[in-house]
Amino acid sequence: ALERTLSIIKPDAVAKNVIGEIESRFEKAGLRIVAMKMVQLSREKAEGFYAEHKERPFFKDLVDFMTSGPVVVQVLEGENAVKANRDLMGATNPKEAEAGTIRADFAESIDANAVHGSDSTTSAEREVSYFFSAEEICAR
Ligand code: CMP
């Protein structure tokens, strides 16, 4: 099915100057960028985005990291976009990520893991609307 998913290029990958290389992987895999922005997240915005992890021991480190520098947020559209993006990203922990995935190639640690991607179509809907209004998404 044609799906949309939310993708975030995290502060570590922005600092490494690999925004273009990561976007290029999405495009080469047939995903289309239908919305995109670069933003510095406030603590409040990052905490709200990751609200489901609020009770986890890594929550504070996660929010510290996600607010440590700018991020690039995009909506990717394509056939089975949620899974397609997750396949491109590789495992959450880059040490477990398959060779050739974004995290294997660009990430350093489970915290500084280069990218975020929605884990289901349900969370994709929530995450897309958390960052983008309907007018900011350019339907094709
Ligand atoms: P992300 O897909 O952005 O969703 C939550 C993030 O928490 C995850 O990527 C990791 O960067 C970070 N994180 C840190 N520790 C863990 C952990 N033990 N399990 C899952 N995610 C973790």
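Order of listing sets the numbers, starting from 1, for every ligand and every atom in it.
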Under 3.5 Å, side chain of Arg103 to main-chain N/O of Gly90, donor-acceptor pair present? yes
Taking atom 3 (O) of ligand 1 as the reference point, the nearest protein heavy atom with its distance: Tyr50 OH, 2.5 Å
Going by the order shown, which atoms of ligand 1 are within less than 4.0 Å of some heavy atom of Arg103? 2 (O)
Can a non-hydrogen atom of Lys10 be found less than 4.0 Å from any atom of ligand 1? yes
Looking only at heavy atoms of Glu52, does any of them come nearer than 4.0 Å to an atom of ligand 1? no
Restricting to heavy atoms, the pick from Val115, Asp61, Asp12, Leu62 nearest atom 6 (C) of ligand 1 would be Leu62
Counting each atom of ligand 1 from 1 as listed, which ones have a heavy atom of Asn113 under 4.0 Å away? 9 (O), 10 (C), 11 (O)
State whether a side-chain donor-acceptor pair under 3.5 Å links Glu3 with Thr121. no
Provide, to 0.1 Å, the distance between atom 17 (C) of ligand 1 and the closest protein heavy atom, together with that atom's residue and name. Phe58 CE2, 3.4 Å
For ligand 1, which part of Arg86 has a heavy atom less than 4.0 Å away: the side chain, the backbone, both, or neither? neither
Closest protein heavy atom (residue, atom, distance) for atom 2 (O) of ligand 1: His116 ND1, 3.0 Å
Any chain of hydrophobic side-chain contacts (each under 4.5 Å) joining Ile22 to Val82? no
Heavy-atom nearest neighbour of atom 8 (C) of ligand 1 within options Val63, Asp119, Thr92, Asp111: Thr92
Plane angle bin for Phe49 and His116 - parallel if under 30°, tilted between 30 and 60°, otherwise perpendicular: perpendicular
Closest protein heavy atom to atom 12 (C) of ligand 1, given as residue, atom name and distance to 0.1 Å: Ile110 O, 3.8 Å
Among Arg4, Glu127, Met36, exactly one meets side-chain contact (heavy atoms from CB on, under 4.5 Å) together with Val75. Which residue is that? Arg4
Assess whether atom CD of Glu125 is packed by more than 12 heavy atoms of other residues, nucleotides or ligands within 6.0 Å. no
In one Ile/Leu/Val/Met/Phe/Trp/Tyr side-chain cluster, 4.5 Å: Phe65, Leu6: yes
Carboxylate-amine/guanidinium contact Glu77 Arg32, below 4.0 Å: no
